[in-house]
Each structure stands twice: as C-alpha cells, then as structure tokens.
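Structure first, commentary second.
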Amino acid sequence: MTVYRTHTCGELRQSHADERVVLSGWAARIRDLGGLIFLTVRDRYGRTQVVFDPDRSEELVLEAKRVRQEWVVRIEGMVRTRPEQDRNADMPTGDIEVVADRLEVLASCETPPLLPEDDFVPSEEHRLRHRFLDLRRARMQKILVTRHNLLQTVRRVLSKQGFLEIETPYLTRSTPEGARDFIVPSRLHPGQWYALPQSPQTYKQILMVSGFDRYFQVVRCFRDEDFRANRQPEFTQIDIEAAFVDEEQIRETAETLMKAVFEQALEIPFPTAVPRMTYRDAMQRYGTDKPDTRYGQELVDLTDHLAGHGFGVVDGISKAGGGAVGLCVQGQAAVSRSWIKKWEEFVKQRGLGGLMPLRVQEDGSWANPLGKFIPAEQLQKAADALQMGEDDLGLIALDKGMRRFEVMGMLRSALAQELGWIDESRHELLWVTDFPLVEWNEEEERYDALHHPFTAPRYEEWERWRETDPSRIMSRAYDLVWNGHEVAGGSIRIHDRTWQEKVFGLIGLSPEEASKRFSFLMEALQYGAPPHGGIAFGFDRMVMLATGETSIRNVIAFPKTTAGMALFEGAPGVVDEDQLHELHLQEIKPKGETGEND
RNA sequence: GGGGCAGUAGCUCAGUUUGGUUAGAGUGCCGGCCUGUCACGCCGGAGGUCGCGAGUUCGAGUCUCGUCUGCCCCGCCA
C-alpha cells in the first residue's frame with residue numbers, strides 16, 4: 001500500500017464492496033456517455049472499471065473528460081457492486097466498479113503510435129520500434145511473467161539438486177570453430193580482441209576439473225550468424241554440467257527440469273517415460289534430427305520396391321548408394337497437377353531433382369510417371385509400404401545422397417502445416433541419441449564434429465572404425481526435442497588430454513594447433529579431470545513452446561530483427577571517431593563512400 | 001550468399017490483375033451530442049513523400065530496374 005495505490009487493477013472483487021480504495025494505472029478505454037464517464041484502468045495485474053458520476057461531482061466529470069488513452073492516472077473512490085444487469089462476466093473484476101471521487105493525472109500521453117490491446121497487433125516492425133508500448137499488452141506481460149516463473153523454477157529445481165550457479169566471463173577469447181564470434185576490441189592491448197562466448201562450454205568443463213561437480217548457469221550466448229524465427233544473435237541458455245555422471249544422470253536431470261516446466265507453465269502431466277530415438281532412425285523416418293512426433297506420416301525408403309526393374313534412373317541412383325523416399329499424404333489423391341507442381345518446386349529448391357505422385361487411377365491401376373517402366377505389382381508394394389489407401393496420395397523423391405531424407409522431411413513438416421496434421425494441444429518430447437561423432441565435410445574435405453569437438457566418442461567404436469570409416473563412430477551426445485524443436489543438447493565430454501588430441505586429430509586439428517586455440521582446456525585436462533558431461537537448454541525456445549508462441553522474439557523483452565537490428569534502441573550504431581581512435585581502430589568505408597573510387 | 005512475401009492516412013488494410021479526373025474504408029485523433037457503458041453510440045472535421053531513387057509513358061499507387069526496411073525459408077548456425 002502506497003500513496004499511489006491500495007490495490008492493483010486486477011484485485012478488486014465483490015468482497016471489497018464499500019471499501020475506499022486508491023488505484024493507479026494506465027487509462028485503457030474511456031467511454032464518455034455525456035453524463036456518466038467510464039474509465040478502464042489497467043496495470044500489470046488486470047483492469048478495473050472506474051465510473052465518474054455527474055450526480056456526485058460535475059467538476060470531477062469535467063476533469064475525467066480530459067483523460068486520453070494511455071495517460072497514467074491515480075483514482076480514489078469507493079468500491080461498489082455493479083447492478084446485476086451491468087456486470088461484465090468477461091472481466092475478473094467485472095462484478096464491481098470504483099466510484100471515483102478523486103482523479104489525479106500522474107502523466108499525460110502523446111497520441112500513442114500503437115494501442116496495447118491484445119486484439120490489436122500491429123506489424124512486428126512497428127511493435128519493435130515502440131517496444132515500451134507493445135510490452136504493455138496483456139499478452140506480452142503474461143509471457144514475460146511466464147518467463148520469470150520458469151527461470152525461478154529452473155533455479156529452484158537445480159539448486160535443490162545441489163547444482164551451483166556459477167557465472168563465467170562474457171569477455172573471452174575467440175575460438176574460430178563453429179559460429180562466427182562477436183568480437184570486442186581491447187583498448188589496453190592494441191590489435192587484440194575479446195570475443196563474446198558462443199556458449200560457456202570450456203569454462204564449465206574447467207569448473208568440473210576444479211571440483212564444482214554440479215554446475216548450472218542462466219547465461220547469455222552470442223553467435224554472429226543469420227537469424228530465424230527461433231534464432232537470435234544473443235540468446236539465453238540454461239547451461240548444466242556435472243562430474244562423475246554418465247548419460248543417464250544428465251538425462252534424468254533434464255527430465256526433472258522439463259517435468260517442472262510442464263507442470264508449472266503448461267499445467268499438463270509430464271510423460272512417464274520420454275521416448276528415445278537414434279539419430280539414424282530420426283533421419284530415415286523423419287528426415288531430421290529433431291522430428292516432430294505429434295503426427296505420423298513417416299518417410300518410407302522405397303528403394304527396394306522400385307529398383308532392379310530395369311528403370312535406369314532408379315537403378316543408377318540405387319547403385320550409387322541413393323534411393324527412393326516416399327511420403328503418404330492422406331486423403332489427397334484428388335489434388336490437382338498444379339498442387340503437385342508447387343510441392344515439386346519446393347523439393348527442387350532444396351536440391352532434389354523432382355517429386356513423383358503415386359495414386360490410384362479411375363480404372364483402379366496405379367498412376368505414376370514410373371508406371372511404364374516399373375511393374376504394377378512393384379508400385380503396389382511401394383504403396384503398401386506407405387500404407388496408402390485409395391484416397392491417399394504418395395509422393396516419391398529420388399536422389400543419390402542422404403539429402404533425399406532431409407528434403408522429404410522438410411516436405412513432411414511443410415505439408416503438416418498446410419494440411420493441419422498437427423494437434424497443437426499435444427506436447428511431445430523425444431530424446432535423440434546415437435549421433436555420429438563426425439560427419440564428412442565435402443567442401444573442406446575433412447571431418448567436422450557433429451556436436452562439438454569436446455564430445456566423447458564411444459571408445460570401443462573409435463578403436464573399431466577410426467582407420468577404416470570414422471563416420472561410423474558414435475558419440476555420447478544426446479538432444480532433447482520438443483514438438484520438433486531442439487530444446488536441449490549435450491554430451492559426455494572427453495576428460496583425457498590424449499583422447500582430446502586424438503579427436504582433434506580426426507577433425508584436422510594438430511596437437512600444436514589445438515593447444516594454441518584451447519590451451520586452457522587442454523592444460524586443465526592434464527591435471528586430474530573427472531569424467532563429466534552436461535546439457536544446455538535453449539531457454540528462449542523453451543519459453544516460446546511453453547507459451548505457445550511461434551517466434552522467440554515474442555518471448556524476449558527487447559529482441560533484434562532478422563537483420564540483427566534493435567529497432568527500439570537503434571543498435572548497431574556508429575561511434576565517435578575518438579572512441580575508435582582510443583581502441584586503435586580505423587573505419588574502412590565501404591566502396592563507393594570514400595569518394596576515391598568510382 | 002540465395003529465394004519468397006510485404007511496405008498506401010498515427011495504426012490495420014482495400015485499391016496494383018487490365019496505367020487514366022479529386023487515392024478509399026475501419027480505427028485512432030480533433031470538435032459537437034449523449035447518465036449504465038464495457039471495442040459505447042450518433043453527427044461533423046482534419047489527416048497521404050502510395051518506403052526511397054531512376055526509367056518507360058501524353059499520363060505511374062498500378063509497368064520495368066535498382067535500393068532500403070520488416071517477416072518467412074534455403075544455405076549457415078561445432
């Protein structure tokens with residue numbers, strides 16, 4: 001209780017009737033009936049109707065007439081139960097109103113560029129430019145409250161299990177692997193640079209070596225890459241690491257956390273067992289390492305049904321290690337040619353040669369461009385493999401690489417959107433396991449770490465495949481997938497310098513190069529590093545899924561646009577010549593602005 | 001780096017297909033009326049660099065090219 005308010009705007013009920021109250025908030029709606037004036041006052045907690053009655057004070061009504069939307073007002077008055085016929089069942093405070101006897105304008109407001117109402121959502125550009133007003137909307141306030149609650153839940157759950165929150169530096173050194181770093185010039189050391197961390201990966205491993213056997217951190221991470229609906233240049237991770245554990249304990253911790261999130265934010269029961277799927281299964285059945293298992297429509301390898309029947313293209317692809325992948329589109333046998341063409345274009349843009357429909361013709365035979373080469377019984381077998389019924393449409397793609405699964409997976413999820421296959425009320429969690437340690441990078445002609453280079457291999461597989469086929473070595477990594485989004489990923493790490501050097505060797509980093517770039521970690525690994533592993537949650541994504549939003553910008557108070565701009569603050573921006581000078585920097589003007597060149 | 005969609009009144013949009021007189025609607029804003037509204041209602045008014053720049057044309061919101069901004073996707077993101 002302050003001079004500004006005795007109650008919040010979401011608080012008053014019939015039980016408060018006849019109490020004298022003070023409310024402060026923003027004028028949300030003003031209904032001036034000529035005599036009576038109704039004013040809806042809004043704050044973070046809700047809305048309350050205030051009534052100004054000329055029968056009580058003409059003067060007060062005249063004052064109230066001046067008030068405009070989004071002014072900040074303070075009201076004194078009596079709580080009154082509304083007449084039966086005038087109650088508003090849609091408002092929590094709809095059974096009462098406050099009869100004002102005093103009005104004070106705490107702040108007036110220019111005509112606002114947007115109205116903070118939930119049923120009035122302007123363009124995202126406009127919302128970001130006037131974020132302070134956009135954040136007044138009840139929806140945004142609710143999201144940020146949920147975000148806060150989840151943060152507290154995470155901290156409580158992990159602390160209770162003995163995890164210590166330890167902060168790590170934001171000014172660190174650049175590690176050229178992985179994403180591009182944001183770099184920060186050093187004033188005291190001309191020509192030298194800090195980098196903002198892509199994640200606290202090495203620090204948390206070192207904390208394990210130091211004996212903090214259970215660590216977590218709510219931490220900002222920075223990656224200078226292109227952005228998407230669920231990617232921002234700076235984002236928040238729940239970073240977790242533990243020593244003397246294996247995969248099971250990390251997964252258990254992660255599930256405990258998710259259980260709390262489900263119960264807290266979604267108020268739905270947590271699955272008794274989170275299903276698991278191997279990376280290989282995920283790629284073959286869904287064409288992605290983060291399958292959305294809220295709907296079926298799995299991909300089916302049709303190579304065996306279609307190859308070996310004298311059709312050169314299929315046979316050739318098959319011999320080259322490729323094949324045919326099919327997808328069953330329920331109830332769409334009658335779609336037009338242009339519909340199919342549209343989706344064929346979709347897969348072509350993503351690198352496949354084409355998309356063939358398979359469907360029953362009027363005479364009962366199978367229609368398919370391969371029909372003249374491939375016997376009907378084989379087409380029937382393919383259709384059976386796709387579990388196609390008469391009204392269903394099969395879509396088949398051929399390609400010689402693994403890309404066919406990925407693209408068909410993209411097609412699967414695009415069709416799910418288009419045809420409404422997804423039950424939005426469902427929530428599906430899934431562990432993806434058995435990732436390969438490395439994958440072949442065509443362009444650079446070397447192996448890349450699939451997860452990151454500190455991930456432990458399955459050592460027996462290493463011994464078996466290192467020399468002959470390293471891509472068959474599995475790692476001890478795991479990802480947690482929620483409704484087709486990767487919400488967490490982690491691994492058991494390498495805790496031995498010799499092994500770390502071996503893995504660096506496989507991805508083309510010499511021991512010298514490795515110790516140059518990761519000297520501090522390499523050194524730590526020689527001084528009694530315990531076995532350890534961990535996981536990191538993408539917290540923004542987690543909040544996005546928990547609130548049913550489709551963009552992480554909506555769950556971040558001040559996000560950047562897809563071009564990395566902060567429209568509200570105006571970042572990035574130019575700095576003074578003096579600032580640059582002090583940092584030993586000189587601006588190189590883009591061509592055309594120097595006046596020297598043409 | 002590539003592709004797609006969008007940009008018209010403060011805001012949300014129509015008009016662009018097929019170039020043609022003075023660019024419309026709703027809402028917000030300003031003024032008037034209105035004593036039970038709750039997206040109050042009714043009457044009137046003001047409000048436009050059709051993102052920006054070139055070009056085609058007798059004439060461009062509309063066609064062409066370039067460019068900027070926002071969103072979505074591919075690549076990228078260990």
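Quick note on labels: first sequence line is chain A, next is B, and so on, each numbered from 1.
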**OP:** Between B/rC58 and B/rG19, how far apart are the P atoms? Round to whole Å, please.
**Re:** 15 Å
Subject >> Side chain of A/H126 - closest among B/rU37, B/rU12, B/rC74 >> reply: B/rU12
**OP:** Test for a donor-acceptor pair under 3.5 Å between the base of B/rU69 and the side chain of A/R129, counting only N and O atoms.
**Re:** no
Subject >> Distance under 6.0 Å and angle within 45° of ring axis: A/R350 vs A/F346 >> reply: yes
Original post:
Can you check whether A/Q69 has a side-chain N or O nearer than 4.0 Å to OP1 or OP2 of B/rC29?
Top reply: yes
**OP:** Could you state the atom-to-atom distance from CZ of A/R66 to P of B/rG31 in whole Å?
**Re:** 12 Å
**OP:** Would you state whether a donor and an acceptor, one from the side chain of A/R68 and one from the base of B/rG10, lie under 3.5 Å apart?
**Re:** no
Subject >> Nearest-Å distance once atom P is located in both B/rA23 and B/rA46 >> reply: 14 Å
Original post:
Looking only at side-chain N and O atoms, does A/R31 come under 4.0 Å of OP1 or OP2 in B/rU37?
Top reply: no
Subject >> Atom-to-atom span, CG of A/D32 to P of B/rG32 - whole angstrom >> reply: 11 Å
**OP:** Please work out which of the three classes, parallel, tilted or perpendicular, describes the rings of A/F454 and A/H452, given edges at 30° and 60°.
**Re:** tilted
Original post:
B/rC33 and B/rA54: how far apart are their P atoms, nearest whole angstrom?
Top reply: 50 Å
Subject >> Pairwise P distance for B/rG55 and B/rA60, with rounding to whole Å >> reply: 12 Å
Subject >> Phosphate-side-chain proximity, A/R403 and B/rG75, N/O vs OP1/OP2 below 4.0 Å >> reply: yes
**OP:** Ignoring hydrogens and angles, tell me if any N or O in the side chain of A/D181 forms a donor-acceptor pair with the backbone of A/T175 under 3.5 Å.
**Re:** yes
**OP:** Decide yes or no, distance alone: a donor-acceptor N/O pair under 3.5 angstrom between the base of B/rC38 and the side-chain of A/N88.
**Re:** yes
Subject >> RNA chain B: 5'-proximal contact among A/G178 and A/M565 (nearest heavy atom) >> reply: A/M565
Original post:
Any luck finding a side-chain donor-acceptor pair between A/N483 and A/D292 under 3.5 Å?
Top reply: no
**OP:** Report yes if a donor N or O on one partner sits less than 3.5 Å from an acceptor N or O on the other, where the partners are the side chain of A/R231 and the base of B/rC76; otherwise report no.
**Re:** yes
**OP:** With the side chain of A/S551 defined as its heavy atoms from C-beta on, choose the nearest nucleotide among B/rC11, B/rC72, B/rC38.
**Re:** B/rC72
**OP:** Answer yes when A/R403 and A/E406 have at least one side-chain N-carboxylate O distance shorter than 4.0 Å, and no when they do not.
**Re:** yes
Original post:
Rounding to a whole Å, what distance do you find between A/L115:CG and B/rC38:P?
Top reply: 18 Å
Original post:
So which of A/K290, A/M542, A/R541 actually passes side chain to side chain contact (heavy atoms under 4.5 Å, CB included) with A/W482?
Top reply: A/M542
Original post:
Could you give the CG-to-P distance, from A/D181 to B/rC77, as a whole number of Å?
Top reply: 13 Å
**OP:** Using only heavy-atom distances, decide whether a donor-acceptor pair under 3.5 angstrom links the side-chain of A/E97 to the base of B/rG36.
**Re:** yes
**OP:** Test A/V121 against every option in A/R137, A/H126, A/R139 by the side chain to side chain contact (heavy atoms under 4.5 Å, CB included) rule and name the one that passes.
**Re:** A/R137
Subject >> Phosphate-side-chain proximity, A/T561 and B/rG70, N/O vs OP1/OP2 below 4.0 Å >> reply: yes
**OP:** Could you give the distance separating B/rC40 and B/rC34 at their C1' atoms, to the nearest angstrom?
**Re:** 10 Å
**OP:** Report the base-pairing partner of B/rG44 (Watson-Crick or G-U wobble, both distances below 3.5 angstrom), or none.
**Re:** B/rC30
Original post:
For B/rU16, what is the paired nucleotide under Watson-Crick or G-U wobble rules, both distances under 3.5 Å?
Top reply: none
Subject >> A/T562, nearest nucleotide to its side chain (from B/rG70, B/rC77, B/rC71) >> reply: B/rC71
Original post:
Whole Å only: how far is the CD atom of A/E117 from the P atom of B/rA39?
Top reply: 10 Å
**OP:** Using the C1' atom as the reference point in each nucleotide, state the distance between B/rC43 and B/rG51 in Å, no decimals.
**Re:** 36 Å
Subject >> G-U wobble or Watson-Crick pairing nucleotide for B/rG7 (cut-off 3.5 Å, both distances) >> reply: B/rC68
**OP:** Look at the side chain of A/R350 and the base of B/rG75, then say whether one donor and one acceptor between them are separated by less than 3.5 Å.
**Re:** no
Subject >> Between B/rG7 and B/rG61 - C1' atom distance, rounded Å >> reply: 12 Å
**OP:** Determine the Euclidean distance between corresponding P atoms of B/rU62 and B/rG47; express it in Å to zero decimal places.
**Re:** 24 Å
Subject >> Value in whole Å for how far the C1' atom of B/rC34 lies from CZ of A/F38 >> reply: 13 Å
Original post:
Just how far, in rounded Å, is P of B/rG2 from CZ of A/F227?
Top reply: 17 Å
**OP:** Report the nucleotide, chosen from B/rC11, B/rG70, B/rC77, that has the shortest atom-to-atom distance to any side-chain atom of A/P122.
**Re:** B/rC11
Original post:
With a 3.5 Å cut-off and just heavy-atom distances, do the side chain of A/R29 and the base of B/rC38 make a donor-acceptor pair?
Top reply: no
Original post:
Would you call A/D134-A/R127 a salt bridge at under 4.0 Å N-O?
Top reply: yes
